[in-house]
Amino acid sequence: MFLYDTESKTKREFQPSNPENVTMYVCGPTVYSYAHIGNARPAVVFDILARVLRTQFKGVTYARNITDIDDNINAAAAKAGVGIDVISERFTQAYHADLEALGVLPTDVEPKVTDHIDEIHQMIESLIVQGYAYAAKGHVLFSVESYKDYGALSKRDPEELLAGARVDVAAYKRSAGDFVLWKPSGEDQPGWDSPWGRGRPGWHIECSAMSAKHLGETIDIHGGGHDLVFPHHENERAQSACAHGVQYVRFWLHNGFVNVNHEKMSKSIGNVLLVKDLLKQARGEAIRYVLMAAHYRAPLDWSDDVLQQAESSLDRLYGALRQLGNVEIKRTTDAERDALIPAGFKNAMLDDLNTPMALAELFSLSKQANTATDIEHKRSLKASMLACGSWLGILQQDPEHWFQGVTHANDVDASKIEQMIESRNTAKASKDWSVADRIRGELTAMGVVLEDSAQGTKWKLDR
RNA sequence: GGCUGGAUGGCAGAGUGGUUAUGCAGCGGCCUGCAAAGCCGUGUACACCGGUUCGACUCCGGUUCCAGCCUCCA
C-alpha cells in the first residue's frame, strides 16, 4: 500500500519495519472538554487506516493517547473546584462515547500521560546526560541547536524560526527555539517530584515517552492533525531521535482540517461543532460518512447540508442491501472476505486511503445489486458490499435498523405502524384507494414513508 | 514577512495530457392504482493570464483569492 509521508513529501510504498507487526501512534485528545468534529476526523481517518492495515499485514498495534495532564485541564478543574482526575475522567468517557457512536473501534493501547511519569523522567534524564537538554530554574529544556536535523519535518529553517519568534523569550532559555520538557508546578498546581524539582511534563515529551514504551523506539506510522506538524511533531521527533539515536517515525501522516462554512472552527468565532451535538442532527454513521467523503489530507468544509446529503447517500447503499435482505450469504473467514473486495475498491484504498474513490466503487456495486437477477450474482454483490463496508466502518448494521431505528427526533411505535400497514393493505386488496391513501397520509404525518413492492410493504422513517 | 496546501458543475467531492468520476439536489421517462424505492436518460464543471503540446481541467510560469502553521490548537 502507498501512503503520503509528510517528511519526504511523497507518496511511498508502505512496508512495516517488522513484517509481523505494524506500529501506529496517533495523537489523541487533551481531555478538558467535549470532542468537536475536528477531533473526530483523525479518530475516524486513522480508524479506517487501522482497519485496512489489519487486512494487509499480519499484526497491527495501534496506540492513541489520552493527555490527562495539561494547563487547560488544570484550569477546568480549578474552575469546577475538583481534582484534575475528575475532569479528565469525565471527558475521557465522553470521548469514548462519541467515538463509539461514530463507529470508531477501540485502539490496542490507550496510554495516559499520568501513568507514564517515570518513563518521561527517564527520557528527560537521558536527553540531559547526552547533552541535548539542560535544567534551568526548575525547567528542563530541549536545546534545539544540539540537533542538526531540527526543522526537517516541518520544512522550517531553525535560523529563521529563531529570528522570527514573536513571543518574549524566557530568560532561562539558551536559545529562543528551545522548548520545555519539564516545567515547575506551584503549590496549587498538580505536580510530581523529580530530580529537577516538583513539576509536570511539557506538552511534547509525553508522546515520545509513551510511543517508545508501547510501540518501540522506531514506529512505522505516526498520525495526527495537520496543525501538529509544528511544533508538536517536530519537537517529538527531535526528542525521540536524540534520546534513542535511531529514526523515530518512518511515515508521518497528517489529516486536513475541518472548516465550518469556509472558516476555521474556533472558540473565538463560536462555530465549534461538538460531536455530541451533531449526533442530535444525524446518526453517527452519517457523520462518519461525511468524514470519509473527502480525502483525508484535504481540508473538509462542513456546512448545513453535508449531514443530510450523507444520510441520503447512505440511504442508497442501505437501500440496495435492504432489497437483498433475503439473500443468504455464507459466513466467511477474514481471508475469504478480502477476496470479495473488488479490485477498484482495494486499489483506491491502498492508494493513500482514497476513500472518495472507494465510495464510488461501492455505489457501483449497489447499482449492480439493484439490477442483478441471478441469485449467485446477488449473493456475491451483497457479500462484496458488506466486505467493503467493513474496511470503511459503515454498512454493518441491519438495513431495517438503519431505516427504522429510533432517533432522538422520532419516537415511533413499530407495532402500531405494522398494524396500520396491514389495514392499508386490506383496503388495497379491495381497491379501496381512498381508505388506503388516508392511512398512508396518517403514516406520513407520523414521519413514516411506505414502499410497496411485490414482496410486500416496507416502511422507513423520514429523517 | 517566511513556510505549507488549495481553487472542479446548484451542493459535497475524486481523477486524468485526448474517453461518463461518484453521491445529493433538479429535470424528462419507465415502473406503480397513486406514491415511495429502483431503473433509463439529462446539465456550456474544471479561478484568471500566458507558455509547452497535434491536443491541457491535467505539465510549466505568473496573477488573484482561500485555508493552515510560525511555539494554546485535531
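Being a predicted model, the structure only gives us computed values, none of them experimental.
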List the residues meeting salt bridge (Lys or Arg N to Asp or Glu O under 4.0 Å) with Asp315(A), not counting sequence neighbours, and say none if there are none. none
Check each residue of residues 433-442 of chain A for a non-hydrogen atom within less than 4.0 Å of any atom in RNA chain B, then write out the ones that pass by number, or none. Trp433(A), Asp437(A), Arg440(A)
Please list, chain by chain and in numerical order, all residues satisfying salt bridge (Lys or Arg N to Asp or Glu O under 4.0 Å) with Lys11(A), sequence neighbours excluded. Asp351(A)
Ring-ring centroid check His233(A) His204(A), cutoff 6.0 Å: no
So which protein N/O to nucleotides 22-29 of chain B N/O distances come out below 3.5 Å?
| unit_1 | atom_1 | unit_2 | atom_2 | d |
| --- | --- | --- | --- | --- |
| rG23(B) | O2' | Ser313(A) | OG | 2.2 |
| rG23(B) | N2 | Gln309(A) | OE1 | 2.8 |
| rC24(B) | OP1 | Arg316(A) | NE | 2.9 |

When you measure from the side-chain N and O atoms of Lys155(A) to the phosphate of rG2(B), is any distance below 4.0 Å, counting only OP1 and OP2? no
Please list, for nucleotides 30-32 of chain B, all pairs of protein and nucleotide N/O atoms separated by less than 3.5 Å.
none

Among pairs that include at least one residue of residues 301-314 of chain A, which meet salt bridge (Lys or Arg N to Asp or Glu O under 4.0 Å), considering only residues two or more places apart or in two chains? Arg283(A)-Glu311(A)
Please compare Arg41(A) and Tyr4(A) by the position of their nearest nucleotide in RNA chain B and report the one closer to 5'. Tyr4(A)
Enumerate the salt bridge (Lys or Arg N to Asp or Glu O under 4.0 Å) contacts for residues 288-298 of chain A, please, sequence neighbours excluded, ordered by first and then second residue. Asp47(A)-Arg288(A), Arg297(A)-Asp352(A)
From C-beta outward on Phe230(A), which listed nucleotide comes closest to its side chain: rA74(B), rC70(B), rG5(B)? rC70(B)
Pairing annotation in dot-bracket form, given for RNA chain B with Watson-Crick or G-U pairs under 3.5 Å and | for cross-strand partners: (((((((..(((.....[...))).(((((.......)))))....(((((..]....))))))))))))....
Once salt bridge (Lys or Arg N to Asp or Glu O under 4.0 Å) is applied, what residue pairs with a partner in residues 32-44 of chain A remain, sequence neighbours excluded? none
Sorted by chain and number, sequence neighbours left out, salt bridge (Lys or Arg N to Asp or Glu O under 4.0 Å) with Glu285(A) holds for none
How long is the gap from OG1 on Thr355(A) to CG on Leu49(A), to the nearest 0.5 Å? 11.5 Å
Ring-plane angle category for Phe142(A) and Tyr147(A), please: parallel below 30°, perpendicular beyond 60°, tilted otherwise. perpendicular
Residues in ring pair (Phe, Tyr, Trp, His ring centres under 6.0 Å) with His116(A), at least two apart? His214(A)
With respect to the side chain of Phe179(A), which nucleotide from rA14(B), rU71(B), rA37(B) is positioned closest? rU71(B)
Counting heavy atoms from C-beta on, name the nucleotide in rA74(B), rG68(B), rA36(B) closest to the side chain of Leu228(A). rA74(B)
Nearest to the side chain of Asn354(A), heavy atoms from C-beta on, is which of rA67(B), rC3(B), rA14(B)? rA14(B)
Determine whether the aromatic ring centres of residues His139(A) and Tyr172(A) are separated by less than 6.0 angstrom. yes
Keeping to residues at least two apart or across chains, list the ring pair (Phe, Tyr, Trp, His ring centres under 6.0 Å) pairs with something in residues 429-458 of chain A. none
Is the distance between the ring centroids of Tyr32(A) and Phe91(A) less than 6.0 Å? no
Quick one: on RNA chain B, does Thr371(A) or Ser303(A) contact a more 5' nucleotide (nearest heavy atom)? Ser303(A)
